[in-house]
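The shown structure was predicted, so the numbers you read here are calculated from the model rather than taken from an experiment. We're numbering straight along the sequence, starting at 1.
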Amino acid sequence: MSHWPEQPVNVIIKWLKSHNKSWTVADFGCGNAAVAKNVKNKVFSIDLVSDDPSVIACDMAHTPLEPSSVDVAIFCLSLMGTNFPSYLQEANRVLKPSGWLLIAEVRSRLDPNTGGADPDKFSEAISQLGFSLVSKDEKNKMFVLFYFRKKEKSKVAKNIEWPQLKPCLYKRR
């Protein structure tokens, strides 16, 4: 990733800076908490394990955040677990109506030609969770960035057919 021409977290930070600074943000799988360190928004940095006291260490499927308490939920290269749908369900729980869901994912995981998930089926599954796809940024050759909005009033489908995301394979360089 360090060799990528553009980092998805920087695109997300730029997007946040161009929007409402009073929004509350939940950064799921925050890593080194770069979002919290670079924006003026109140950010809940969440990751499975962390030695940083500003990061909430927990299972991303079960956060201590209150229902409908955040305006933006971010998953930046963090849908790594096989139970990633439960992470997205948790984001749905904590997001306010009309809140934003931003997902940056490695392009190869969303390439059906190489064993990845179909990005349209991925979007459709998230739509069934109660979101509308606002835009999809595919201009970067390394990752895809989805911008979803939570519907004001939505009924979550009972049996969502989630596509299988291709595992990330790291190459020794």
Donor-acceptor pair, distance only, cut-off 3.5 Å: does the side chain of [X] make one with the backbone of [Y]?
{"X": "Asn41", "Y": "Val43", "value": "no"}
{"X": "Thr114", "Y": "Asp111", "value": "yes"}
{"X": "Asn92", "Y": "Leu88", "value": "no"}
{"X": "Asp137", "Y": "Lys139", "value": "yes"}
{"X": "Arg107", "Y": "Glu138", "value": "yes"}
{"X": "Lys96", "Y": "Val72", "value": "no"}

Handout entry: Atom CD of Gln164: over 12 foreign heavy atoms under 6.0 Å
Key = no

Handout entry: Whether over 12 other heavy atoms sit under 6.0 Å from Lys42 NZ
Key = no

Handout entry: Carboxylate-amine/guanidinium proximity below 4.0 Å for Glu90 and Arg93
Key = yes

Practice task
May I ask you to decide whether Lys136 forms a salt bridge with Asp120, counting only side-chain N to carboxylate O separations under 4.0 Å?
Solution key: yes

Can you check whether [X] reaches [Y] side chain to side chain, under 4.5 Å on heavy atoms?
{"X": "Glu105", "Y": "Leu79", "answer": "yes"}
{"X": "Leu110", "Y": "Phe146", "answer": "yes"}
{"X": "Ser123", "Y": "Phe131", "answer": "no"}
{"X": "Cys58", "Y": "Ile46", "answer": "yes"}
{"X": "Val144", "Y": "Pro119", "answer": "no"}
{"X": "Asn38", "Y": "Leu16", "answer": "no"}
{"X": "Val35", "Y": "Val9", "answer": "yes"}
{"X": "Trp162", "Y": "Ile126", "answer": "yes"}

Exercise for the section: Determine which pairs satisfy side-chain hydrogen bond (donor to acceptor under 3.5 Å, both in side chains) with at least one residue from residues 13-25, sequence neighbours left out, and list them in order. Expected result: Asn20-Ser22

Exercise for the section: Decide yes or no on side-chain contact (heavy atoms from CB on, under 4.5 Å) for Val134 and Trp100, but give the supporting numbers first. Expected result: CA-CA 9 Å; Val134 175; Trp100 288 92; 3.9 Å; yes

Practice task
Kindly write out the residues that satisfy side chain to side chain contact (heavy atoms under 4.5 Å, CB included) with Ser132, not counting sequence neighbours, or none if the list is empty.
Solution key: Lys151

Exercise for the section: Assign the ring pair Phe84 / Phe122 to parallel, tilted or perpendicular, where the plane angle (0 to 90°) is split at 30° and 60°. Expected result: tilted

Handout entry: Trace of the side-chain contact (heavy atoms from CB on, under 4.5 Å) decision for Leu101 with Tyr147
Key = CA-CA 6 Å; Leu101 172 64; Tyr147 297 85; over 6 Å; no

Practice task
Please lay out, stage by stage, how Val11 and Glu6 fare under the test side-chain contact (heavy atoms from CB on, under 4.5 Å).
Solution key: CA-CA 8 Å; Val11 176; Glu6 184 173 45; 3.5 Å; yes

Practice task
Verify whether one side chain among Asp52 and Ser50 offers a donor that lies under 3.5 Å from an acceptor in the other.
Solution key: no

